[in-house]
Amino acid sequence: MKVLIVGSGGREHAIAWKVAQSPRVEKIYCAPGNAGIEEYAQCVDIGAMEFEKLAAFAKEEQIDLTVIGMDDPLVGGVVDVFEREGLRVFGPRKNAAILEGSKAFSKDLMKKYGIPTAAYENFTDPKEALAYLETAKFPIVLKADGLALGKGVLICQNLSEAKAGVREIMEDKKFGSAGNTMVIEEFMTGREVSVLSFVDGKTIKTMTSAQDHKRAMDGDQGLNTGGMGTFSPSPFYTPEVDAFCREHIYQPTVDAMAKEGRPFKGVIFFGLMLTADGPRVLEYNARFGDPEAQVVLPRMKNDIVDVFEACINGTLDQIDLQFEDNAAVCVVLASEGYPVSYEKGFPIRGLENFKDKDGYYVFHAGTKKKDGQIVTNGGRVLGVVAKGEDLKKARANAYEAIKLVEFDNKYYRHDIGKAIDEA
Ligand code: AMP
Ligand code: GLY
């Protein structure tokens with residue numbers, strides 16, 4: 001089989017690595033890819049939003065399966081373009097990717113079908129949003145409706161912060177048209193868990209759980225980032241929590257989408273908050289998490305191509321999804337200054353140390369080749385992943401492994417997986 005992967009981050013590197021394990025696959029392409037993905041795939045210089053070009057390439061190269069890694073193309077309808085051309089593609093159509101693409105849609109869906117989530121109101125008029133805040137309880141959460149690179153969420157401690165937030169999102173359009181509509185929701189407290197799942201339109205199979213670390217600095221300080229590290233599984237995701245989510249969240253979401261005439265095929269990523277009143281949905285994403293995929297996929301036992309195909313064919317009920325009985329930790333190596341401003345172009349040394357090192361992986365997020373050398377090319381540069389028989393061993397292994405790679409201005413959090421000690 002020939003497989004095309006669309007995307008260019010650490011998530012797509014992890015997907016490419018996993019696809020490369022499949023004996024069914026003879027050739028992998030990645031558009032646009034990065035310097036690490038090149039080890040498994042031929043990188044093609046087509047952007048993830050160039051749908052027609054991507055589909056033309058897939059036709060020309062007789063690609064058997066295309067996997068979309070990123071949210072923007074999914075929400076923009078890349079799957080519809082591929083299907084129109086008779087191409088096989090893994091990911092939700094535009095009318096289902098709205099589950100991630102519009103927070104107002106997803107909140108209304110949860111309300112209509114009784115899926116537990118924070119109380120909220122949607123607003124299209126900033127005056128009404130401002131009036132609502134006058135009688136609200138604080139802290140409160142403001143969310144731009146659309147995609148905003150994971151940055152469209154503001155947690156406001158008091159009325160003046162919240163008013164400033166409404167102006168930023170709805171009037172100054174800090175997140176562009178993503179802020180035409182805004183959700184204002186109740187602030188929840190608890191532990192966060194990410195649960196990714198495969199969905200074929202009617203059946204859902206969840207993967208092992210994970211937890212992300214979104215803030216830039218130790219102790220969850222600093223700005224929100226795309227994710228500074230992950231661990232899997234989450235020790236807080238107990239069998240009781242899992243049972244509750246299966247009954248009240250996972251299947252109900254899939255059934256709700258089908259009832260709405262928006263059958264979902266692909267990956268649903270449930271961002272959950274484990275509150276004192278039980279699990280609640282924080283958000284849905286319509287794709288693998290980044291860097292959740294980097295700790296979940298190395299623990300997956302199945303041939304991922306079989307699972308992708310079962311989702312497309314509607315035969316996921318026949319797949320026995322299995323994960324290793326161990327743990328994995330990912331520490332992101334970033335450029336000093338991320339997520340605000342940082343330098344790029346520094347040579348990366350020591351990547352060869354990961355070659356054939358069982359249970360260790362280095363997934364590239366922002367790298368490129370320059371004069372035959374791999375150099376830093378982004379805020380998040382690498383995700384170093386290590387497995388271990390339990391979370392503590394995996395964490396120790398990951399923090400040992402990051403010493404194997406060096407580049408100028410290397411920055412990382414020292415406390416990825418610290419929560420494990422409280423479990
Ligand atoms: P989201 O993009 O919706 O996942 O939001 C980003 C982050 O903001 C989440 O991972 C949470 O840490 C936080 N967050 C979002 N919604 C809420 C909420 N209702 N209460 C507390 N924290 C929230
Ligand atoms: N790690 C969070 C995300 O992928 O959205």
Side-chain angles (χ1 to χ4, degrees), residues 7 9-15 68-72 74-75 97 99-107 110 116-122 136-157 162 165 169 175 178-179 182-197 207 209-216 220-232 234 267-277 279-297 330 332 339 363 365 380 383 413 416 419:
R11 165 183 49 211
E12 287 75 24
H13 192 174
I15 295 170
I68 312 295
M70 299 166 68
D71 44 358
D72 285 295
L74 289 168
V75 170
L99 195 60
E100 171 165 8
S102 166
K103 292 192 191 283
F105 170 86
S106 69
K107 296 295 293 189
M110 288 186 265
T117 188
Y120 75 101
E121 294 284 338
N122 295 337
K137 275 206 301 198
F138 293 89
I140 204 159
V141 184
L142 310 185
K143 297 186 173 184
D145 175 55
L147 294 183
L149 297 166
K151 298 191 180 105
V153 175
L154 303 179
I155 295 174
C156 303
Q157 299 300 332
I169 293 177
F175 308 108
M182 198 181 69
V183 178
I184 301 187
E185 78 176 24
E186 164 204 7
F187 177 76
M188 302 187 287
T189 52
R191 293 204 182 267
E192 287 185 41
V193 184
S194 303
V195 176
L196 317 185
S197 64
M207 299 177 228
S209 62
Q211 186 180 321
D212 191 7
H213 299 66
K214 288 197 168 127
R215 302 291 204 94
D220 290 328
Q221 301 295 308
L223 294 172
N224 258 322
T225 70
M228 293 300 292
T230 35
F231 57 84
S232 169
S234 163
V267 169
I268 301 182
F269 164 156
F270 297 86
L272 304 173
M273 178 84 91
L274 308 183
T275 75
D277 302 322
R280 300 274 182 274
V281 177
L282 275 172
E283 63 161 349
Y284 293 115
N285 294 313
R287 34 110 194 142
F288 289 99
D290 187 345
E292 282 88 344
Q294 289 89 316
V295 283
V296 167
L297 296 183
C330 171
V332 169
F363 294 122
R380 290 188 299 169
R413 273 183 63 163
I416 302 302

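Values reported hereafter were calculated over all heavy atoms of this structure, with side chains retained and with hydrogens, waters and symmetry mates removed. Start at 1 and go down the list; that is how both ligands and their atoms are numbered.
Within the structure, the closest approach of Phe269 to ligand 2 falls below 4.0 Å when heavy atoms are considered. Remark: distances from the non-hydrogen atoms of Lys103 to ligand 1 include one below 4.0 Å.
Ligand 1 places these atoms under 4.0 Å from at least one heavy atom of Met273: 21 (C), 22 (N). In summary, the atoms of ligand 2 found under 4.0 Å from a heavy atom of Glu292, numbered by their order in the structure, are 1 (N), 2 (C), 4 (O). Applying the 4.0 Å criterion to heavy atoms of Lys143 picks out, from ligand 1, the atoms 3 (O), 15 (C), 16 (N). Atoms of ligand 1 lying under 4.0 Å from at least one heavy atom of Glu185, given by number and element, are 16 (N), 17 (C), 18 (C), 19 (N). Short contacts between ligand 2 and Arg287, defined as distances under 4.0 Å to a heavy atom of the residue, involve ligand atoms 3 (C), 4 (O), 5 (O). For ligand 2, the atoms sitting less than 4.0 Å from at least one non-hydrogen atom of Asn285 are 5 (O), numbered in the order shown with element in parentheses. Every atom of ligand 1 is numbered from 1 in the order shown, and the set under 4.0 Å from a heavy atom of Phe187 is 20 (N), 21 (C). Proximity to Glu283 (heavy-atom distance under 4.0 Å) selects the following atoms of ligand 1: 1 (P), 2 (O), 3 (O), 4 (O). Close approach of ligand 2 to Gly289 (heavy-atom distance below 4.0 Å) involves ligand atoms 4 (O).
Of the possible polar contacts, none joining the Arg280 side chain to the Met273 backbone as a donor-acceptor pair under 3.5 Å is found. Here the side chain of Glu283 pairs no donor or acceptor atom with the backbone of Gly271 at under 3.5 angstrom. When atom types are taken as modelled, the side chain of Arg380 and the backbone of Gly9 share no donor-acceptor pair closer than 3.5 angstrom. Although no hydrogens or angles enter the test, the distance criterion places a donor-acceptor pair under 3.5 Å between the side chain of His213 and the main chain of Gly229. Lys107 places a side-chain N or O within 3.5 Å of a backbone atom of Ala118 that can act as its donor or acceptor partner.
Summary of contacts: the protein heavy atom closest to atom 13 (C) of ligand 1 is Ile155 CD1, 3.9 Å. Given atom 8 (O) of ligand 1, the protein heavy atom at minimum distance is Val153 CG1, 3.6 Å. The protein non-hydrogen atom at the shortest distance from atom 11 (C) of ligand 1 is Glu192 OE2, 3.0 Å. With hydrogens left out, the protein atom closest to atom 17 (C) of ligand 1 is Leu282 CD2, 3.3 Å, a heavy atom.
Judged as a side-chain hydrogen bond (donor to acceptor under 3.5 Å, both in side chains), the pairs with a partner in residues 187-196 (not counting sequence neighbours) are, in order, Arg191-Glu422, Ser194-Glu292.
Annotation: side chain of Asp72 is not in contact with side chain of Arg287 (no heavy-atom distance under 4.5 Å). Using a 4.5 Å cut-off on side-chain heavy atoms (C-beta onward), Asp290 and Met70 make no contact. Within the 4.5 Å cutoff, no side-chain heavy atoms of Val296 are placed close to those of Phe288.
The aromatic ring centroids of Tyr284 and Phe269 lie 6.0 Å or more from each other.
Using a 4.0 Å cut-off between heavy atoms, Glu186 contacts ligand 1 through its backbone alone, with no side-chain atom that close.
Considering backbone and side-chain N/O of Asp212, one or more are found under 3.5 Å from N/O of ligand 2. In terms of polar-atom proximity, defined here as any N/O pair under 3.5 Å, Lys214 makes no such contact with ligand 2. Ligand 2 has no nitrogen or oxygen under 3.5 angstrom from a nitrogen or oxygen of Glu283. At least one N or O atom of Met188, backbone or side chain, sits closer than 3.5 Å to an N or O atom of ligand 1.
The closest side-chain donor-acceptor pair between Asp145 and Ser102 falls under 3.5 angstrom.
With respect to Leu272, the side-chain contact (heavy atoms from CB on, under 4.5 Å) criterion is satisfied by exactly one of Thr117, Val281, Leu282: Val281.
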